[in-house]
Peer 1: 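Pasting a structure below so you can have a look.
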There are 2 protein chains.
Amino acid sequence: MNDSPGVSGTVLPGYPEPLWIQAVNVIRGEIDRGVLRPGGRLPPERELCRQLGISRVTLRKALGSLVEAGVLSPSHGRGWYVAKSTQKKEWPNSLESFSETAARMGLEPHSTVLRAEATPATIDEAEQLGIAPGTSLFRLERVRLLEGVPIALDLTRLRSALVPGIDSVDFRVRSLYSTLSAAGIEPVRADSTIEATKADERVAGHLDLAAGDPVLVMRQVALSAQQEPLFVSTIRYAGDRYRLRTSFSRSHD
Amino acid sequence: MNDSPGVSGTVLPGYPEPLWIQAVNVIRGEIDRGVLRPGGRLPPERELCRQLGISRVTLRKALGSLVEAGVLSPSHGRGWYVAKSTQKKEWPNSLESFSETAARMGLEPHSTVLRAEATPATIDEAEQLGIAPGTSLFRLERVRLLEGVPIALDLTRLRSALVPGIDSVDFRVRSLYSTLSAAGIEPVRADSTIEATKADERVAGHLDLAAGDPVLVMRQVALSAQQEPLFVSTIRYAGDRYRLRTSFSRSHD
DNA sequence: AAGTGGTCTAGACCACCCC
DNA sequence: GGGTGGTCTAGACCACTTA
């Protein structure tokens, strides 16, 4: 498999992709091309190993990754089967972000900044972030719009010390995500609660709603790979203008 | 490791647990007992292999599973680290179910059945389930209560043919989940949308709200391991009485 | 340069499914 | 009993980090 140039044109990183990822791509390709049909059975593992020129351990790593992606499912003693209705493309296994939603709908996302300043953390905030009350906390509050229509009010709070110089960043032109990423902050998980409330005067004003209209409130704590709280955010969506999309999985115990 | 009786008392299935699961339990145990502290580094893989008496491949399968659980994180060239604030126990990576929420709060869940009958599928339903319009669809509509207080209105629809005899099941005493499970129906994923709307007269009546009060609406399509649609359900939660809890993960590409 | 994780192999044995 | 997935091993080489 290493010796077959052109198996997959993408070798950008300068180093070849791991064999098991190449195998994933080959198998995905066979499914996309219709060689393997939904509901159909794959060749036996030992046969696939021979075809791909890789060991069984490596092949199984690839197959495992495809299970996680919902593309294949194994049946002990019978074989590997292609999931049905793979046509349903992909729905994010995680939450679809605001920008992703915008892209999916072919709309242009914008933000207006209401607030971008550092103030002391309240007791509640300190508890959520695992820091001392009074610690300097940077607050970024934005209205997010699609095609000029206000969709959501987003209040994000993070320790000022996490991103030195954050209070001089111009968030009218720079995205929060790219700013965090540049500082080496990469959330891997977000513990979230979601509820429906009535819009108060302030929220209604910013979202162009009437007071009392339904608002979808999502509160998140973003965590690092070390399970360290990175930031908390509260996002209020205009009830009739937005719909969260996600997919939950029953853990395979 | 096989030869050390008493490593873990649980060998119920008659067959021993796989070595890698035993290794997972040992490592979890060390962390719970405080031998390995949050933020601390594990011994090198080759050293752990020696201690546990297993091969490196097997150890890495165990470590991989602990990464997925958010307990450990690897750092290439440096070592394996215990995630910080492991104290936060576990929050389901999937959505917390109504019964789970009830259990967490120490409350007793109940249901009243509004409707349980088979009728032809509408075009929308047929499309969601990948079946022909007019196919016989079993509809189960229930009010879900905690301590006698109505919390949600749950309408679930599934192909009558999936569970033969479903229209003679008494859902006042039998749970939907156990009925499906007994029929070999095991959803592994649920594609969901969540929005906030105003309660209409009917919903308000069943949930003991005023018309116009905010309602959290979740629509789900449950899928099998083969990605086959199993059932669709629409759950309307009283906005001020319920809060969805979940945790989203940025996939580790 | 030494230590550590990341990838890969060839071969073995066991448990499950179906004939 | 034959085929298939599930688990496990010992050993090798590569890439990243740290000094």
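The model shown is predicted, which means the values in this text are computed figures rather than measured ones. Chain letters run A, B, ... following the sequence lines, proteins first and then strands; every chain starts at 1. Note that these values count all heavy atoms, side chains included, but never hydrogens, waters or copies made by symmetry.
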Peer 1: Give the minimum heavy-atom separation between A:Pro187 and A:Ala222, together with the two atoms involved.
Peer 2: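 Heavy atoms of A:Pro187 and A:Ala222 come nearest at CB-CB, 4.0 Å.
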Peer 1: To check you understand the geometry: which heavy-atom pair defines the closest contact between A:Pro229 and A:Val221, and what is its length?
Peer 2: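 So the minimum-distance heavy-atom pair works out to CB-CG1, 4.2 Å.
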Peer 1: Under the criterion salt bridge (Lys or Arg N to Asp or Glu O under 4.0 Å), which of A:Arg219, A:Arg159, A:Arg157 is the partner of A:Glu125?
Peer 2: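 In the set A:Arg219, A:Arg159, A:Arg157, the residue that makes a salt bridge (Lys or Arg N to Asp or Glu O under 4.0 Å) with A:Glu125 is A:Arg157.
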Peer 1: Please identify each residue that fulfils side-chain contact (heavy atoms from CB on, under 4.5 Å) with A:Pro18, with sequence neighbours left out.
Peer 2: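 For A:Pro18, the residues satisfying side-chain contact (heavy atoms from CB on, under 4.5 Å) (neighbours in sequence not counted) are A:Trp20, A:Ile21.
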Peer 1: What is the separation between atom CG on B:Leu63 and atom P on C:dT4, rounded to the nearest whole Å?
Peer 2: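 Rounded to the whole Å, the gap is 14 Å.
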Peer 1: Quick one: B:Arg41 CZ to C:dT4 C1', roughly how many Å, whole number?
Peer 2: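 These atoms are roughly 8 Å apart.
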Peer 1: In whole angstrom, give the distance that lies between atom OH of A:Tyr81 and atom C1' of D:dG3.
Peer 2: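 It works out to 12 Å between those atoms.
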Peer 1: Strictly under 3.5 Å: I want the nitrogen or oxygen pairs between protein and nucleotides 6-10 of chain D, one per line.
Peer 2:
residue: D:dG6; atom: OP2; partner: A:Arg60; partner atom: NH1; Å: 2.8
residue: D:dG6; atom: OP2; partner: A:Arg60; partner atom: NH2; Å: 3.3
residue: D:dG6; atom: N7; partner: A:Arg56; partner atom: NH2; Å: 2.7
residue: D:dG6; atom: O6; partner: A:Arg56; partner atom: NH1; Å: 3.1
residue: D:dT7; atom: OP2; partner: B:Lys61; partner atom: NZ; Å: 3.2
residue: D:dT7; atom: O4; partner: A:Arg56; partner atom: NH1; Å: 3.4
residue: D:dC8; atom: OP1; partner: B:Leu19; partner atom: N; Å: 2.1
residue: D:dC8; atom: OP2; partner: B:Trp20; partner atom: N; Å: 3.4
residue: D:dT9; atom: OP2; partner: B:Ser55; partner atom: N; Å: 2.8
residue: D:dT9; atom: OP2; partner: B:Ser55; partner atom: OG; Å: 2.8
residue: D:dT9; atom: OP2; partner: B:Thr58; partner atom: OG1; Å: 2.5

Peer 1: Are any side-chain N or O atoms of B:Ser111 and backbone N or O atoms of B:Arg142, one a donor and one an acceptor, separated by less than 3.5 Å?
Peer 2: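 Flag not set: sc B:Ser111 to bb B:Arg142 has no pair under 3.5 Å.
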